[in-house]
S.K.: 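Have a look at the structure that comes next, please.
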Amino acid sequence: MTLKELLYSSPVIPVLVIDVLDDAVPMAEALVRGGLPNLEVTLRTDIALAAVERIVREVPDANVGVGTVRTVDDIRRAWDVGATFAVSPGLTPPLSKLEHSIPLLPGAMTPTEVMTAYDAGFACQKLFPASFAGGADFLRALAGPLPDVTFCPTGGIREDDLPRYLSMPNVACVGGSWLTPKDAIARKDWQMVETLAARAVAIANDQPTAASRSGSASPQAGEEDPGAALENLRT
Ligand code: 3PG
């Protein structure tokens with residue numbers, strides 16, 4: 001599966017900050033039950049990689065990525081514990097030269113950053129932080145001059161914003177932490193997490209663009225897809 005196919009396979013990537021290792025599996029299971037199998041576990045807690053390892057082992061229907069990646073070493077460690085993709089808030093020269101790795105979704109916030117990442121082979125990018133960068137209107141503006149870049153906007157996105165982002169022609173999915181509210185996690189309210197995931201899926205399915213979005217993962221005849229070069233080596 002290419003990174004582009006992965007992004008188009010599910011409308012939302014929940015962004016997870018896991019503080020308690022024993023929460024990792026029930027949290028991931030609730031999100032998968034709700035219909036969101038693509039998960040980003042951020043490297044912001046000491047147990048993040050252990051959490052990834054556990055989810056990979058015990059929740060086989062999840063596609064687990066590692067987020068907040070800043071260095072090549074972060075990606076190597078993510079690979080070692082079985083992550084299938086990596087997400088970064090930006091793109092550094094060492095990260096852009098990384099080869100033979102799990103696919104990387106780099107962050108970009110300006111047209112120059114988007115073009116620089118595209119030239120480095122990244123046709124799929126995370127617009128970050130999306131709400132400060134200009135949100136859905138900014139993505140629409142980018143679609144004119146840079147139509148061949150596919151985005152997963154992340155940062156400041158909430159449930160109410162979903163329809164607008166998902167209606168953009170260059171958005172495959174969005175990322176966000178609203179599916180795992182801190183108070184629900186503290187109560188271990190996994191039903192609430194599942195409900196939020198299911199609601200996001202229902203909103204996405206209500207979009208007039210839902211069918212065409214899921215159909216646009218495959219490059220059209222003659223369409224260049226540099227993202228395909230980042231083939232997922234684990235599948
Ligand atoms: C992040 O890296 O924290 C993500 O962008 C999630 O942002 P959010 O908490 O605003 O959804």
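Since the model is a prediction, treat every value here as computed from it, not as a measurement. Note that ligands are numbered from 1 as they come in the structure, with each ligand's atoms numbered from 1 the same way.
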S.K.: Ser177 heavy atoms, cut-off 4.0 Å: which ligand 1 atoms fall inside?
M.R.: 8 (P), 9 (O), 11 (O)

S.K.: Distance under 4.0 Å to a non-hydrogen atom of Phe128: what atoms of ligand 1 satisfy this?
M.R.: 2 (O), 5 (O)

S.K.: Got a sec: does the CZ of Arg70 have more than 12 other heavy atoms crowding it under 6.0 Å?
M.R.: no

S.K.: Any side-chain heavy-atom pair from Val66 and Asp74 closer than 4.5 angstrom?
M.R.: no

S.K.: Which atoms of ligand 1 sit under 4.0 Å from any heavy atom of Gly156?
M.R.: 8 (P), 10 (O)

S.K.: Find all atoms of ligand 1 within a distance of less than 4.0 Å from any non-hydrogen atom belonging to Gly155, and give their numbers and elements.
M.R.: 5 (O), 7 (O), 10 (O)

S.K.: Going hydrophobic residue to hydrophobic residue with side-chain gaps under 4.5 angstrom, can you get from Val193 over to Ile18?
M.R.: yes

S.K.: Does only the side chain of Trp178 get under 4.0 Å from ligand 1, or the backbone, or both, or neither? Count heavy atoms.
M.R.: neither

S.K.: Identify whether the distance between the nearest side-chain nitrogen and carboxylate oxygen of Arg76 and Asp73 falls below 4.0 Å.
M.R.: no

S.K.: Would one find an N or O of Arg44, backbone or side chain, under 3.5 Å from an N or O of ligand 1?
M.R.: yes

S.K.: Would you say Gly175 contacts ligand 1, with heavy atoms under 4.0 Å as the rule?
M.R.: no

S.K.: Please answer: with hydrophobic residues joined when any side-chain heavy atoms are less than 4.5 Å apart, are Val15 and Val64 in the same cluster?
M.R.: no

S.K.: May I ask you to list the atoms of ligand 1 that are less than 4.0 angstrom from any heavy atom of Gly176?
M.R.: 11 (O)

S.K.: So if I apply the side chain to side chain contact (heavy atoms under 4.5 Å, CB included) rule between Thr45 and each of Thr68, Leu21, Asp19, which one comes out positive?
M.R.: Asp19

S.K.: Nearest protein heavy-atom contact for atom 4 (C) of ligand 1: which residue, which atom, what distance?
M.R.: Thr154 CG2, 3.5 Å

S.K.: Which is it for Glu40 and ligand 1 at heavy atoms under 4.0 Å: side chain, backbone, both or neither?
M.R.: neither

S.K.: To the nearest 0.5 Å, tell me how far Leu105 CG sits from Lys4 NZ.
M.R.: 13.0 Å

